[in-house]
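Each remark here refers to the structure printed beneath this line.
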Amino acid sequence: MTTPAPGGPDSGLSFTDREILTTATHPDFRAWLARIRHIGGCQHPVHLVGHTLTVDAATGRLMHAFTSADQPHGRLTIACGNRRQSRCEPCARLHQGDTYQLVVSGLAGGKGVPDTVRAHPRVFVTFTAPSFGPVHRHTTDEPCRLPRRGRGLVCPHGRPLACPDRHPTGDPLTGSPICPDCYDYPAAVVWNAHTRDLWQRLHRNLCESIATGRGLSRTAARKAVRVAYAKVAEYQRRGSIHFHAVMRFDGPTPDTPPPAWATLALLTHTIRTATRRVHLAVPGLDTILRFGAQLDIRPILPGNGGDDDLTERAVASYIAKYVTKPDVAGITVDWPIHDAITISVLPVTEHARTLIRTCWTLGGRPEYKALNLRRWAHQLGYRGHIASKSRAYSTTYTALRAAREQHHRDHNDQEETPDDIDTITDKDWTYTGNGHTPGQAMFADAIADDLQAAREAAHDARMSVDHPSGGSNEHHD
């Protein structure tokens, strides 16, 4: 691209107008615009150069050639695919929609899952972190913390154990320790780093709890009933990870019902029993890691339910929201930390800064080397996926993306290779950069807004058909 010369006819334009004009007058503008619409108005697209060649395996004849030379600006532009709204809102919305479909198909059927799963016992569970020390609470109509009988008025460091204040939404003090010196920062960091291991132990305990409760061997219990799940991780204000999970009883396979004795009550009892049994001893840490005492289990009802019922769509929307929403303000950052000096200037609370410093300090110790705490210091030590599921729960992100790409091909009349021909594909692509120019960013933002408005209009239209009396306030992509 070229910018108008300082003395040219466009010299009186503002910087914004010049950028828009430069972008809109480029010979590849229309083709570029179509490409950006194809990738959903991505705000930080990735640029590649190279080719994909499809060759007949028997004859060596070139069947199809796709090269970057034929693309706008001589490069292939693809979506960044970032799930974070703070990094790329269009891609985050698309990921949110995929998560909704992944979760709801495991509750109501579809996407390869039989609709008979609606009759299986299902619950929505919140697994919390243990206490690492008292923290300030979000309250509006009562004091943060009142003195407790049998305990002193001050901690060993001379700080009051009570807080008479009320902390409204957004108060940076919420989640911070009553006494930072009493707070077990090493345990809090190591908890985040081991949540993946704790979840795996919980999942193994489920089968054992079923077997013990029914007087079966673990092999017999596994052949009779299985627990499928989908979960999402969320940061609490205190910087500790907790999980929201959908858990479902299945028979030996997802398309078979569980035995009659595998009831909703048994599922609830199994989860409580298995959670209590989870524990993990970590070298160099005096505390035994466990899930928190607060365990909320609620049944998921089929259909629309009443105003206070937890329905399939409500649960799917809830989990999808947490997959892409920005992390708690002032608690984490979006980028890795490469040196200790950077920690002092991060836009986080002092409590989060101490957690990050603790990650950095522990990350230098041999006993914690395997946890890569310095690599994950920006995430307060958490190194797992934000969302995950068991293999049998429902479809996959890969399958959803493949279906979307097939939909694009079907509606753009792209040529496909006949099924009866064996082919060899040669791919050679090289990264050349990412992002937009300021002018391109303005057009991409407008495209993203138009696509979102179209989705919302289509969603409202579906809701008006499904709920002619007033619809639903649920929203998803």
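Positions are given from 1, in the same order as the sequence printed here.
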Is the backbone N or O of [Y] less than 3.5 Å from a side-chain atom of [X], with the two atoms forming a donor-acceptor pair by type?
| X | Y | result |
| --- | --- | --- |
| R145 | C163 | no |
| H269 | A265 | no |
| H120 | F249 | yes |
| S344 | I341 | yes |
| S131 | G133 | yes |
| R201 | R277 | no |
| R353 | I343 | yes |
| R122 | P299 | no |
| N372 | R375 | no |
| R238 | V135 | no |

So how far is it from [X] [atom1] to [Y] [atom2], rounded to the nearest 0.5 Å?
| X | Y | atom1 | atom2 | value |
| --- | --- | --- | --- | --- |
| R83 | L94 | CZ | CG | 14.5 Å |
| Q379 | I337 | CD | CD1 | 9.5 Å |
| Y183 | H351 | OH | NE2 | 4.5 Å |
| M247 | T270 | CE | OG1 | 9.5 Å |
| H95 | N82 | NE2 | CG | 9.5 Å |
| H436 | C42 | NE2 | SG | 6.0 Å |

I'd like to know whether S209 forms a side chain to side chain donor-acceptor pair (under 3.5 Å) with T212, so could you lay out the CA-CA distance, the side-chain angles of the two residues, the decisive distance to 0.1 Å, and finally the verdict. CA-CA 5 Å; S209 298; T212 302; over 6 Å; no
Side chains of [X] and [Y]: does their closest heavy-atom pair fall under 4.5 Å?
| X | Y | value |
| --- | --- | --- |
| S394 | V103 | no |
| T430 | L48 | no |
| L107 | F124 | no |
| L380 | I356 | yes |
| V348 | T332 | no |
| K111 | V104 | no |
| T16 | E19 | no |
| L264 | L266 | no |

[X] atom [atom1], over 12 foreign heavy atoms within 6.0 Å:
| X | atom1 | answer |
| --- | --- | --- |
| R404 | CZ | yes |
| D339 | CG | yes |
| E367 | CD | yes |

Chi angles and distances behind the side-chain contact (heavy atoms from CB on, under 4.5 Å) call for Y393, V113: CA-CA 8 Å; Y393 176 79; V113 181; over 6 Å; no
Determine the minimum heavy-atom distance between [X] and [Y], stating which atoms define it.
| X | Y | answer |
| --- | --- | --- |
| K389 | L102 | CD-CD2, 3.6 Å |
| Y368 | P283 | OH-O, 3.4 Å |
| D165 | T139 | O-OG1, 4.1 Å |
| S240 | N192 | CA-OD1, 3.6 Å |
| A162 | L146 | CB-C, 4.1 Å |
| Q43 | R87 | OE1-O, 3.9 Å |

Side chains of [X] and [Y], donor plus acceptor under 3.5 Å:
| X | Y | result |
| --- | --- | --- |
| H47 | T77 | yes |
| Y185 | R357 | no |
| T361 | T358 | no |
| Q452 | R455 | yes |
| H244 | E234 | yes |

H194 and V282: CA distance, side-chain angles, deciding distance, side-chain contact (heavy atoms from CB on, under 4.5 Å) verdict: CA-CA 9 Å; H194 281 93; V282 180; 3.9 Å; yes
W199 and Y229 aromatic centres sub-6.0 Å: yes
Is the Y382-W191 ring centre distance short of 6.0 angstrom? no
Check the pair V49, W429 against side-chain contact (heavy atoms from CB on, under 4.5 Å), reporting the backbone distance first and the verdict last. CA-CA 6 Å; V49 294; W429 294 96; 5.6 Å; no
Sequence neighbours left out, cut at 3.5 Å: what donor-acceptor pairs do the side chains of residues 443-450 make with other protein atoms?
none

Does the plane of the ring in F291 sit parallel, tilted or perpendicular to the ring in F127? Use 30° and 60° as the thresholds. tilted
Below 4.0 angstrom, N of the basic side chain to O of the carboxylate: do R84 and E89 qualify? no
Between R383 and D197, does any NZ, NE, NH1 or NH2 come within less than 4.0 Å of an OD or OE carboxylate oxygen? yes
Check against side-chain contact (heavy atoms from CB on, under 4.5 Å), L400 and Q101: CA-CA 8 Å; L400 291 172; Q101 295 296 338; 4.3 Å; yes
Side chains of residues 166-180: which donor-acceptor partners sit under 3.5 Å, not counting sequence neighbours?
| residue | atom | partner | partner atom | Å |
| --- | --- | --- | --- | --- |
| H167 | ND1 | D171 | OD2 | 3.1 |
| H167 | NE2 | H136 | ND1 | 3.3 |
| D171 | OD1 | L173 | N | 2.9 |
| T174 | OG1 | D171 | O | 3.3 |
| S176 | OG | L173 | O | 2.5 |

Run the salt bridge (Lys or Arg N to Asp or Glu O under 4.0 Å) test against R248 and tell me which residues pass, sequence neighbours left out. D250
Give the intermediate values and the outcome of salt bridge (charged side-chain N to carboxylate O under 4.0 Å, His left out) for residues R137 and E142. CA-CA 10 Å; R137 302 180 304 134; E142 62 181 13; 3.6 Å; yes
